[in-house]
A.B. asks: 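Starting off with a structure, shown below.
What you see is a predicted model; the values in this text were computed from it and never measured.
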2 protein chains.
Amino acid sequence: MGIKERKERHKEDLRQRILDAAKVLFLKEGYDATSIRKIASAIEFSPTTIYLYYKDKNDIIYALQKEGFKLLRTKFSALSNVENPFERLKAMGRTYLQFSIENREFYELMFVMKEPLEFLENVCGEGEEEQWDEGVEAFSFLVHTIADCQQAGYFGGHDTRMFSLLIWSTVHGLSTLNMHGHITHVVEKHLVELQDGGQILEAAFNNYIKFLEQLKS
Amino acid sequence: MGIKERKERHKEDLRQRILDAAKVLFLKEGYDATSIRKIASAIEFSPTTIYLYYKDKNDIIYALQKEGFKLLRTKFSALSNVENPFERLKAMGRTYLQFSIENREFYELMFVMKEPLEFLENVCGEGEEEQWDEGVEAFSFLVHTIADCQQAGYFGGHDTRMFSLLIWSTVHGLSTLNMHGHITHVVEKHLVELQDGGQILEAAFNNYIKFLEQLKS
DNA sequence: CAAACATAGTTAACAGTGTTAATATTTGCA
DNA sequence: TGCAAATATTAACACTGTTAACTATGTTTG
């Protein structure tokens, strides 16, 4: 039955090639420019062929989102061997912010856009329930780091998971405010001594770290 | 020259009617469903007429964004008469979060979507420079409230504007994480004792307030 | 071996989208 | 009343996601 397997492999192969073509388009030109027809012409197939491998466009976008989460996880798991929990927390924050800048389209796909969630709820939700495991895992990593920080004397008396959520919110808020132009267009008007939004973002994060550092009993 | 004035008024009138129709569509059905043709048929004009009053779709979306900022400002300015600065800060946070829930589409338009910024930079930016005045003003209001808090003994030793940015980030982060499903799909898995995302959001904000309250010298 | 069948891919089409050029209509003023 | 300017319209372009119908291809079975 080697033939069937080879066909299976060919099928998986084409599925991956579709995803790769979509990724190139998406990262370079964004969501709107990633049209079914452009993906199809990139892999030199007819547009309708894509529907034999993905249910619809959101299916492809959802698959791309999973790739994004995988990428962020590799960056996070490189921090596992940072012994000092507070240093690990700092590194996580820096990594998160850097990811949002260097992989802007991915970040938007993972944390902002509605399309992957729509696919998850309208289609994938039929018994699958696999939803956003990578995200849950990444948050787990944060919660454990915060717990370690508390063991080391930081953030005493706060609920670990609530505090984790608040820290995530702050860093996520910083990255999205930056990404969507609010730091350059609003905050810059108040902090004229700092030139561009990138500098403000950097300074804000450093301030935040200094602030958290003081929360040690 | 009364005739010219009446024509001017009629022109402004139609411009407003276009915006109103767009608003109804946008708030009910979202950005994608707010098509030029649907707006046109709502006001019973030809689609191309709209281009006599707005440069393009993003122009309309930008105008809608300004309405959103105006709405948020009225909610904020109602808090001006809260004497106690920390109480005012609490009320601002609550108002901001509530706005993001009750006016979800507006919030997305004001703080998340790329279209208004695109219009601002590609078109409006030709010498106009009026950019996001409402937003700058709202942030000013926050900065002043934080300054008042510092006068009252809170947040000692921190740069006022940086601290304001961090507080905005946290609340904005909370609202967007909630809006985009990350609280229900990620955090909920860790906080199983709290039922829905709304409860978690409420609890997280209350925790944040309690946390800030402790930062008094 | 030949007929039936499943698979993979195609073309054509539908119902939309934003936007522009060319055309028509209405209006105000000399 | 005639002309010019303002205003609105029709037709068209170049796209979009998606589906139905059709055609090859290769496999399985009678």
A.B. asks: Where the side chain of B/Leu52 is concerned, which of D/dT18, D/dT7, C/dA8 is the nearest nucleotide?
C.D. replies: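 For the B/Leu52 side chain, the nearest candidate turns out to be D/dT7.
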A.B. asks: Heavy atoms only: give me the nearest B/His182-A/Met110 pair and the separation to one decimal.
C.D. replies: NE2-O, 3.1 Å
A.B. asks: Does B/Met162 offer a backbone N or O that forms a donor-acceptor pair with the side chain of B/Asp159 under 3.5 Å?
C.D. replies: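 Side chain of B/Asp159 to backbone of B/Met162: a pair is present.
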A.B. asks: Going from NE2 on B/His172 to CG on B/Leu177, what distance comes out if it is rounded to the nearest 0.5 angstrom?
C.D. replies: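 Rounded to the nearest 0.5 Å, the NE2-CG separation comes out at 9.0 Å.
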A.B. asks: Looking across every strand, which nucleic acid part, if any, lies under 4.0 Å from A/Phe45 by heavy atom: base, sugar-phosphate, or nothing?
C.D. replies: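 Sugar-phosphate, backbone atoms only, no base.
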A.B. asks: Give me the residues of residues 17-33 of chain A where at least one heavy atom lies under 4.0 Å from an atom of DNA chain C, by number, or none.
C.D. replies: none
A.B. asks: Reckon B/Tyr53 touches a base, only the sugar-phosphate, or nothing at all at heavy-atom distances under 4.0 Å?
C.D. replies: sugar-phosphate
A.B. asks: Whole angstroms only, please: what is the CD1-C1' distance between A/Ile50 and D/dG17?
C.D. replies: 11 Å
A.B. asks: Show the nearest heavy-atom pair for residues B/His185 and A/Val136, with the distance to one decimal.
C.D. replies: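 That closest heavy-atom pairing would be O-CG2, 3.6 Å.
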A.B. asks: Is B/Ser46 close enough to D/dA8 that one of its side-chain N or O atoms is under 4.0 Å from OP1 or OP2 there?
C.D. replies: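 No, because none of the side-chain N or O atoms of B/Ser46 sits under 4.0 Å from OP1 or OP2 of D/dA8.
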A.B. asks: Any N or O donor-acceptor pair under 3.5 Å from the base of C/dG16 to the side chain of B/Arg37?
C.D. replies: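 No.
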A.B. asks: Return the nearest nucleotide to the side chain of B/Thr48; candidates are C/dT20, C/dG18, C/dT11.
C.D. replies: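 The answer is C/dT20.
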A.B. asks: Name the nucleic acid region contacted by B/Thr49, choosing base, sugar-phosphate or nothing; use a 4.0 angstrom heavy-atom cut-off, strictly under.
C.D. replies: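 Base contact.
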A.B. asks: C/dG9, C/dG18, D/dT18: which one has an atom nearest the side-chain heavy atoms of A/Ile36?
C.D. replies: D/dT18
A.B. asks: Looking only at side chains, do B/Ser175 and B/Tyr107 share a donor and an acceptor under 3.5 Å apart?
C.D. replies: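 B/Tyr107 and B/Ser175 do have a side-chain donor-acceptor pair below 3.5 Å.
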